[in-house]
Amino acid sequence: PFTILSRRPVGPVELIMQEDDLCLISIECRIPGFERPLRLLAVDLPSDPNLPRYEIARRVRDALTDEGPFDVVVGDLNATRGSASIAHMFPSYRHAFDDAGRGYAASFRRGDWRLFHIDHALIGRDLVATRYELVDPGFGRHMAQVIEVDQAREGAGAVLWPRARRGHPCPRGRRRSDRRCDGWAQ
């Protein structure tokens, strides 16, 4: 159920869980300049709107208990950005859109209308998304996610990471709309 396109070699690939319409796959990718392989989790969650999302989130979190941290979580989560179920599954991750996204982001369409952002790329604390874009692959109803990541910058003895867009003011009282706010926090 996944297509992963990478400029770098990918592997090994390991099936973590496949039950009903729920699938979790672990993928490693070696990237020059990174000290260790990048760990990706590809996720495909059920699309039935009558299924309780929080119960699905609990099943996913339980399945990942012994897996250790992933650097990037990507896939069709069938939940909107910022939802409680996504926060329950991946509490320490932030959306790549929050780092590098622009404009309207809707990854699922009906006809010519892009309606919902249900396909996601979540980034771990040690990375920064430098690109997040939704692209029409020319088939299907889902947009393809294009992401590029880099290691979090170090400076002044602390790791720097982008602030979440909600609930965290920019430095010195600036607003995100203020061009002087670069969005980085220590």
Side-chain angles (χ1 to χ4, degrees), residues 1-6 10 12-29 38-125 127 129 131-147 149 162-168:
F2 300 102
T3 301
I4 303 287
L5 302 174
S6 174
V10 174
V13 175
E14 177 188 341
L15 178 65
I16 296 172
M17 176 184 193
Q18 186 165 13
E19 294 177 4
D20 305 319
D21 289 336
L22 192 154
C23 184
L24 305 173
I25 298 175
S26 172
I27 303 165
E28 287 191 3
C29 182
L38 196 68
R39 291 192 71 213
L40 297 118
L41 176 65
V43 179
D44 187 22
L45 299 183
S47 59
D48 183 346
N50 297 313
L51 294 175
R53 297 285 165 223
Y54 210 77
E55 172 60 24
I56 293 168
R58 186 197 55 76
R59 287 174 52 202
V60 168
R61 192 162 177 178
D62 290 349
L64 297 175
T65 301
D66 298 328
E67 290 300 320
F70 289 91
D71 298 299
V72 177
V73 177
V74 64
D76 182 1
L77 303 183
N78 279 305
T80 55
R81 190 170 68 238
S83 70
S85 57
I86 293 176
H88 182 71
M89 287 182 285
F90 309 107
S92 61
Y93 292 78
R94 68 187 182 286
H95 204 289
F97 182 89
D98 292 338
D99 286 2
R102 296 187 305 265
Y104 181 65
S107 61
F108 181 76
R109 64 178 169 234
R110 291 269 187 187
D112 292 335
W113 295 87
R114 288 179 28 190
L115 299 174
F116 303 107
H117 196 177
I118 60 172
D119 302 281
H120 303 283
L122 307 174
I123 308 297
R125 181 179 172 95
L127 296 178
R131 179 179 178 199
Y132 182 82
E133 186 177 349
L134 295 170
V135 178
D136 186 348
F139 60 90
R141 293 191 298 177
H142 292 263
M143 304 294 282
Q145 297 182 91
V146 178
I147 63 169
V149 297
R163 289 184 182 274
R165 291 186 188 256
R166 293 182 308 269
H168 299 283

Quiz item: Between L64 and D62, does a side-chain contact (heavy atoms from CB on, under 4.5 Å) hold up when you go through it step by step?
Solution: CA-CA 5 Å; L64 297 175; D62 290 349; over 6 Å; no
Practice problem: Begin from the C-alpha positions of L38 and F70 and carry the test side-chain contact (heavy atoms from CB on, under 4.5 Å) through to its verdict. | Solution: CA-CA 8 Å; L38 196 68; F70 289 91; over 6 Å; no
Quiz item: What's the verdict on side-chain contact (heavy atoms from CB on, under 4.5 Å) for I16 and E67, showing C-alpha distance, side-chain angles and the deciding distance?
Solution: CA-CA 9 Å; I16 296 172; E67 290 300 320; 3.8 Å; yes
Quiz item: Passes side-chain contact (heavy atoms from CB on, under 4.5 Å), I56 versus L51? Steps please.
Solution: CA-CA 8 Å; I56 293 168; L51 294 175; 3.9 Å; yes
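For the pair L40 and C29, the tightest heavy-atom approach, listed with the atom from each and the gap, is CD1-CB, 4.1 Å. The heavy-atom pair separating I147 from A121 by the smallest distance is CG2-CB, 3.8 Å. Nearest heavy atoms, S85 versus A57: O-CB, 3.5 Å.
V73 places a side-chain heavy atom less than 4.5 Å from the side chain of V43. Considering only heavy atoms from C-beta on, R94 comes within 4.5 Å of D99 through its side chain.
Taking the six-membered ring for Trp and the full ring otherwise, the centers of Y132 and H95 sit less than 6.0 Å from each other.
Under the rule for a side-chain contact (heavy atoms from CB on, under 4.5 Å), the partners of E133 that lie at least two apart in sequence or sit in another chain are R131, V135, V146. Considering only residues two or more places apart in sequence or on other chains, R59 meets the side chain to side chain donor-acceptor pair (under 3.5 Å) condition with E19. Applying the side-chain contact (heavy atoms from CB on, under 4.5 Å) criterion to S47, with sequence neighbours excluded, gives N78. Not counting sequence neighbours, D66 has no partner by the side-chain contact (heavy atoms from CB on, under 4.5 Å) test. Scored by the side chain to side chain donor-acceptor pair (under 3.5 Å) test, Y93 finds no partners at all (sequence neighbours excluded).
Put simply, the side chain of R39 gets close to the backbone of P69: a donor and an acceptor are under 3.5 Å apart.
Here the rule is side-chain contact (heavy atoms from CB on, under 4.5 Å) with V72, and of L122, L41, I123 only I123 fits it.
The aromatic rings of Y54 and H88 sit tilted, their planes meeting at an angle between 30° and 60°.
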Would you give me the side-chain donor-acceptor pairs under 3.5 Å for residues 20-27, sequence neighbours excluded?
none

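Between D76 atom CG and D119 atom CG the span is 4.5 Å, to the nearest 0.5 Å.
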